[in-house]
Amino acid sequence: MEYIEFDRSRPLDLILLGRVAIDFNPAYNDQVKEEFKPLKKVHMFEMFVGGSPANIAVGVTRHGLKAGFFGKVSDDQFGDFVVDYFNGQGIDTSHISRCTGGEKLGLTFTEMLSSKESHILMYRNCIADLQLHVDDIDEAYIRQAKALLISGTSLAASPSREAALKAAMLARRSGTRIIFDIDYRAYNWKNDDEISIYYSMVAREADIIMGSREEFDLTERLIQPGMSDEESAKFWQSCRAKIVVIKHGMQGSTAYTADGQRYSIKPFPVEARKGFGGGDGYGSGFLYGLYQGWEIIDCLEFGSAEASMMVRSNNCSDALPGPEEVHAFIREEKERYGEMIART
């Protein structure tokens with residue numbers, strides 16, 4: 001069943017807009033294994049591209065989709081690292097530009113204390129990704145894409161805020177589907193009112209909205225606080241949304257479709273290496289299934305499997321799997337735990 005129509009004649013499957021960062025994770029490879037410990041005791045790190053929309057761009061590309069990116073990177077070696085990495089993955093970088101005011105890419109240092117506890121130390125002063133400008137948004141480029149994914153972090157400050165809103169307006173005008181990944185991060189936001197104002201502006205235009213219950217609560221704060229999942233789905237579908245996905249962490253997630261149906265999934269059981277990165281795998285897998293025209297429950301299962309694979313990995317980009325790896329993981333999990341291990 002096709003829950004949402006994409007213009008199949010367009011050459012790009014997805015353009016993503018938002019945050020790119022550099023992740024430094026405690027080394028864990030064949031040569032060096034930094035076991036669980038406080039950050040101050042870690043001596044060796046591995047460097048990866050990070051940032052939720054950047055990771056999703058990598059994830060969908062690993063699944064054979066064609067992705068592009070609206071983004072701003074620093075004019076230095078870290079900027080080179082990102083652009084070279086994206087080019088190596090096959091992501092179109094024609095609309096990633098360099099900062100001219102000395103702004104730097106965000107640096108994230110990961111603390112892995114146990115399989116259940118991990119933290120991040122983020123440096124985001126004078127940050128590059130929030131320098132995306134309205135002049136960087138190209139309507140002709142948006143017209144080439146079946147969908148545009150806007151990450152909520154891009155709305156945290158100007159000029160990126162206005163660039164994201166312009167992209168949403170042009171996508172709506174050009175018939176490009178809008179996917180809103182709420183992607184709340186506390187950094188750079190000044191207050192909760194701003195969050196609700198700008199999140200709700202994009203959510204009202206979105207065809208697909210994905211977020212946690214906390215993220216929906218922040219979005220709805222100035223509309224109707226305290227809505228249930230069902231009420232949230234009904235409200236956003238009364239605006240424009242065809243699919244609303246609400247996540248509850250280890251309790252699972254539910255997709256609500258415009259025909260009034262709901263479909264739920266649970267995480268696959270794994271031994272975690274870190275407590276984050278699963279959401280990017282989830283988004284990559286779910287969207288891949290949607291582009292293939294799968295049933296929603298199959299999209300959710302594939303996304304949940306990819307999320308579980310990512311929390312057991314040591315990074316959020318290099319470890320993103322291809323479709324055969326995800327299918328193999330699902331088969332192995334079902335052989336071990338039973339056919340309905342993730343479905344509710």
Side-chain angles (χ1 to χ4, degrees), residues 14-23 49-60 67-74 79 82 86 91-93 95-99 101 103-106 108 122 124-139 141-142 145 147-172 176-212 215-216 218-219 279-280 283-284 287 316:
L14 184 65
I15 294 173
L16 301 98
L17 183 152
R19 185 173 86 261
V20 185
I22 304 293
D23 290 348
V49 167
S52 184
N55 294 334
I56 294 176
V58 174
V60 297
F69 206 93
F70 280 121
K72 213 79 171 179
V73 299
S74 50
V82 168
F86 272 17
I91 299 166
D92 179 60
T93 59
H95 287 72
I96 296 178
S97 55
R98 304 295 185 122
C99 291
E103 297 87 358
K104 302 300 180 184
L105 280 165
T108 303
M122 172 70 78
R124 282 183 64 81
N125 296 326
C126 194
I127 196 66
D129 59 82
L130 291 178
Q131 302 310 309
L132 190 69
H133 192 274
V134 290
D135 292 343
D136 297 314
I137 306 303
D138 178 5
E139 184 173 12
Y141 191 55
I142 292 174
L148 169 74
L149 185 150
I150 295 176
S151 168
T153 306
S154 66
L155 298 164
S158 299
S160 174
R161 174 180 290 166
E162 291 76 18
L165 293 174
K166 177 182 177 181
M169 294 174 72
L170 295 179
R172 180 58 55 210
T176 301
R177 294 297 190 181
I178 299 171
I179 302 166
F180 184 36
D181 181 12
I182 302 177
D183 187 30
Y184 170 68
R185 300 291 186 272
Y187 41 73
N188 296 111
W189 287 102
K190 294 182 175 63
N191 57 66
D192 288 350
D193 282 355
E194 280 194 354
I195 297 170
S196 183
I197 290 166
Y198 292 105
Y199 278 179
S200 62
M201 289 175 71
V202 175
R204 288 180 188 276
E205 298 300 318
D207 300 284
I208 300 170
I209 309 174
M210 303 186 296
S212 68
E215 290 171 331
F216 275 91
L218 288 166
T219 305
D280 304 336
S284 302
L287 292 175
C316 300

May I have the step-by-step check of side chain to side chain contact (heavy atoms under 4.5 Å, CB included) for Leu170 and Asp138, ending in yes or no?
-> CA-CA 9 Å; Leu170 295 179; Asp138 178 5; over 6 Å; no
Ser97 and side-chain hydrogen bond (donor to acceptor under 3.5 Å, both in side chains): which partner among Lys72, Gln131, His133?
->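 Answer to the side-chain hydrogen bond (donor to acceptor under 3.5 Å, both in side chains) test with Ser97 among Lys72, Gln131, His133: Lys72.
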If we only count heavy atoms from C-beta on, is the [X] to [Y] side-chain gap below 4.5 Å?
X: Val58; Y: Val49; result: no
X: Ile179; Y: Met210; result: yes
X: Thr153; Y: Asn188; result: no
X: Leu130; Y: Glu103; result: no
X: Asp183; Y: Arg19; result: yes

Scan Phe86, Tyr141, Phe69 and name whichever one has a side chain to side chain contact (heavy atoms under 4.5 Å, CB included) with Asp92.
->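 The single option meeting the side chain to side chain contact (heavy atoms under 4.5 Å, CB included) with Asp92 is Tyr141.
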Without swapping roles, check the side chain of [X] against the backbone of [Y] for a donor-acceptor pair under 3.5 Å.
X: Glu162; Y: Val134; value: no
X: Ser160; Y: Leu132; value: no
X: Thr176; Y: Ile142; value: yes

Measure across [X] and [Y] and return the closest heavy-atom pair with its distance rounded to 0.1 Å.
X: Ile56; Y: Asp280; answer: CG1-O, 3.7 Å
X: Ser74; Y: Ala128; answer: N-CB, 3.9 Å
X: Asp129; Y: Ile127; answer: OD2-CG1, 3.3 Å
X: Tyr199; Y: Thr219; answer: CD1-OG1, 3.4 Å
X: Ala206; Y: Phe180; answer: CB-CB, 3.9 Å
X: Ile178; Y: Ala168; answer: CD1-O, 3.4 Å

Going by distance alone, is a donor N or O of one side chain under 3.5 Å from an acceptor N or O of the other, for Asp181 and Ser151?
-> no
Could you walk me through whether Leu149 and Leu287 pass side chain to side chain contact (heavy atoms under 4.5 Å, CB included), step by step?
-> CA-CA 10 Å; Leu149 185 150; Leu287 292 175; 3.9 Å; yes
Derivation and outcome, side chain to side chain contact (heavy atoms under 4.5 Å, CB included), residues Leu17 and Ile137 | CA-CA 10 Å; Leu17 183 152; Ile137 306 303; 3.9 Å; yes
Could you tell me the separation between the [atom1] atom of [X] and the [atom2] atom of [Y], rounded to the nearest 0.5 Å?
X: Phe216; Y: Leu218; atom1: CZ; atom2: CG; answer: 11.5 Å
X: Ile195; Y: Ile182; atom1: CD1; atom2: CD1; answer: 11.0 Å
X: Glu205; Y: Ser200; atom1: CD; atom2: OG; answer: 10.5 Å
X: His95; Y: Ile15; atom1: NE2; atom2: CD1; answer: 7.5 Å

Within 6.0 Å of CG in Asn125, more than 12 heavy atoms from elsewhere = no
Does the pair Arg172 and Asp207 meet the rule for a salt bridge (charged side-chain N to carboxylate O under 4.0 Å, His left out), with working shown?
-> CA-CA 10 Å; Arg172 180 58 55 210; Asp207 300 284; 3.3 Å; yes
